[in-house]
> 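One structure, as structure tokens, below. Some questions next.
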Amino acid sequence: MIRRALEVFLFLAALTALWQLLYLVSGDVALSSPRDTAIAAMELLIAESFWRHVRETFSAFGYALFIAAGGGLALGLGLGLHRLSGAVAEPILVSLYSLPKITLYPLILLVFGLGMSAKVAFGALHGIVPVTLFCMNAVRTVNPAYLKTGRIMRVSRGAMVFTIVLPAALPEVFSGLRVCFSLTLLGVLIGEMFASQRGLGFLIMNAVGLHDVRTVMAITLLLAAFAVCANSVLLMADLRLHRRV
Amino acid sequence: MMRIHAELQGVTRVYPATPTHSAVHALGPVDLALGRGEFFSVVGPSGCGKSTLLEVLAGLAQPTAGSITFESATIQGAVPDGVGVVFQDDASFPWLNVRENVAFGLKRARLPAAEVRERVEYALSFMGLDDFALAYPAQLSGGMRQRVCIARTLVTQPRLILLDEPFGALDQQTRLLMGDELLRVWRETGATVLLITHALDEAAMLSDRVGVMSARPGRIIEVVKTGWSRDRDSRLASDAQFGNITSRLWRVLREESLKGLGRTGTPPRKQETI
């Protein structure tokens, strides 16, 4: 435990040193120093207006994550259980996954208009495909011996889905949810950057417009800290689930 | 006179043609009668339809032709009550601990909690799993996981136990010991057992009768009666008769295995018993 903490500390120290070095090379125009950024981040954290933007971003993120995860799970489960539908949908989903989603943003703005719903839709669009693909493949590759065991135990088809298929697929599904978490946050922030008057994405773009490097880097630092912490927790849960298999 | 417990009459299984594959005649016609409380093993060349035979008898697959009866009732594409199956692949559920795995079938059958607890504790104790009740399958060896699967089958109190190469993935010593465990289960429960195996020594040691299947499409071409007493165990391996039975099985099986590999052999023998 102490060794692990020391490793993390050394990694963060090395990262800060590299950052400081880059700052010394590039100067104030492109970067702010680690010290200035930390001060700016503290200033943001005590400002009430900052928390309004945080609430806006995380409301959109929460809705988008709910839609992406819920929709992806339902879609992935359905496509995984119905082989023909899965075979038809898979290439379409893979193409959609590799498509730069930003190209669809004008369309989303036309459909949903400016505001919360467009951000939620754009975030959900980023997150729903990986969950669907992971869930579909996990359901398809459930050990056939589990399903035969269920039939031998005379488990009904519906109960089989909830008591065998989903638990067996859970480790892979959770990996998909982890990817979904990161991509949905990315989608919401991109949505705020290009068409919003509120939220952390908007704050970043506003600071870029004012050439306020210090604020840009402070918000980026806070978002990175959140993403790393959340992803670490999800990764730990993910590894724990995979260890059982 | 043998009291018939399960019977296959003229059973065939043909997998229909698909756009990429032609039709495959996998099994039969097979005629086989299992006596009540009998231990019957089936050996045969790889791909001869042994597992298909088990699946149609379990009600997991529909035969293309023929009829299957269990306790005088016809099996028609549904798993009948009183049948338990142990598969070769590890089928213990990794998300459940040993106790939950063993209780799985009983909970689905909505039995009273007290009865579930009683049956599960008995099965855990019987299979020597008491100390591992809270362990997860990933923490157990292959042999222990197969014990969990047998215990899970045992708690449902099956009258016909079907085993599809259950010890195929285990080392020789563990297989011999698991064979002893299986004989103990068979003696204690009085169930009829059908064991699919590729190990001739396992079949010769465990069974009352051994059926030898031909190369695909698999048919029972010879049935060898072992004549062992009911309280046998793996120490039979040093008995002279054990060698005779194994040699007899191999003589028949060698021809069929060569056919399975695409080489010619002498014509198949007529069905007979010793």
Side-chain angles (χ1 to χ4, degrees), chain A residues 73 76-77 80-88 90-91 134-135 137-178 234-245, chain B residues 18 51 54-55 57-61 75 77-97 100-111 135-140 145-146 148-150 152-158 160-166 168-169:
Chain A
L73 282 174
L77 188 63
L81 290 172
H82 197 267
R83 301 249 157 196
L84 180 63
S85 306
V88 171
E90 191 174 17
F134 272 78
C135 185
N137 284 320
V139 170
R140 274 181 185 172
T141 54
V142 167
N143 184 349
Y146 298 163
L147 304 177
K148 283 183 191 169
T149 301
R151 288 181 63 196
I152 289 293
M153 304 279 181
R154 303 204 286 176
V155 178
S156 69
R157 209 172 145 75
M160 189 102 89
V161 170
F162 290 101
T163 58
I164 295 178
V165 175
L166 276 178
L170 189 63
E172 296 307 315
V173 169
F174 197 83
S175 298
L177 287 173
R178 204 160 61 82
L234 292 173
L235 185 63
M236 275 195 289
D238 198 354
L239 291 175
R240 207 181 156 87
L241 282 170
H242 275 89
R243 266 204 295 272
R244 279 194 182 176
V245 180
Chain B
T18 64
S51 296
L54 180 137
E55 288 192 357
L57 182 52
L60 289 170
I75 297 174
V79 179
D81 182 35
V83 174
V85 183
V86 179
F87 300 101
Q88 178 186 10
D89 294 329
D90 175 20
S92 57
F93 298 140
W95 60 92
L96 301 178
N97 66 30
E100 290 164 341
N101 257 291
V102 174
F104 182 84
L106 299 182
K107 285 188 175 168
R108 299 282 86 72
R110 300 188 188 284
L111 289 177
Y136 283 87
Q139 298 167 296
L140 304 176
R145 285 206 287 266
Q146 215 43 311
V148 174
C149 293
I150 294 173
R152 190 171 60 189
T153 302
L154 205 58
V155 286
T156 60
Q157 299 179 341
L160 174 62
I161 302 174
L162 308 174
L163 302 110
D164 189 2
E165 302 192 25

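Quick note on labels: first sequence line is chain A, next is B, and so on, each numbered from 1.
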> Could you look at B:P80 and say if it's the side chain, the backbone, both or neither that has a heavy atom under 4.5 Å from chain A?
backbone

> So which part of A:R151 gets closer than 4.5 Å to some heavy atom of chain B, the side chain, the backbone, both or neither?
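Both backbone and side chain.
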
> Does any heavy atom of chain B fall under 4.5 Å from the side chain of A:I164, the backbone, both, or neither of them?
both

> Select one option (side chain, backbone, both, neither) describing which atoms of B:E55 are under 4.5 Å from chain A's heavy atoms.
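Only the side chain of B:E55 comes within 4.5 Å of chain A.
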
> Could you walk me through whether A:L234 and A:F174 pass the side chain to side chain contact (heavy atoms under 4.5 Å, CB included) test, one step at a time?
CA-CA 8 Å; A:L234 292 173; A:F174 197 83; 3.8 Å; yes

> Among A:T163, A:N143, A:V155, which has the most heavy-atom pairs under 4.5 Å with chain B?
A:T163

> Donor-acceptor pair, B:R108 side chain versus A:M160 backbone, under 3.5 Å?
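Absent.
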
> Side chain to side chain contact (heavy atoms under 4.5 Å, CB included), that's the test. Do B:V85 and B:T153 meet it? Break it down for me.
CA-CA 7 Å; B:V85 183; B:T153 302; over 6 Å; no

> Checking heavy atoms, do the side chain of B:D164, its backbone, both or neither come under 4.5 Å from chain A?
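No part of it gets close to chain A.
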
> Give a yes-or-no answer on whether the side chains of B:S92 and B:N101 include a donor-acceptor pair shorter than 3.5 Å.
no

> Looking at B:Y136, is its backbone amide N or carbonyl O close enough to the side chain of B:Q139 to form a donor-acceptor pair, meaning the two atoms are under 3.5 Å apart?
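Yes.
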
> Pick from A:P167, A:G150, A:A145: which one has the most heavy-atom pairs with chain B under 4.5 Å?
A:P167

> Before accepting this row, confirm whether a basic side-chain N of the pair B:K107/B:E100 lies closer than 4.0 Å to the acidic partner's carboxylate O.
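Salt bridge between B:K107 and B:E100, a charged N being under 4.0 Å from a carboxylate O: no.
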
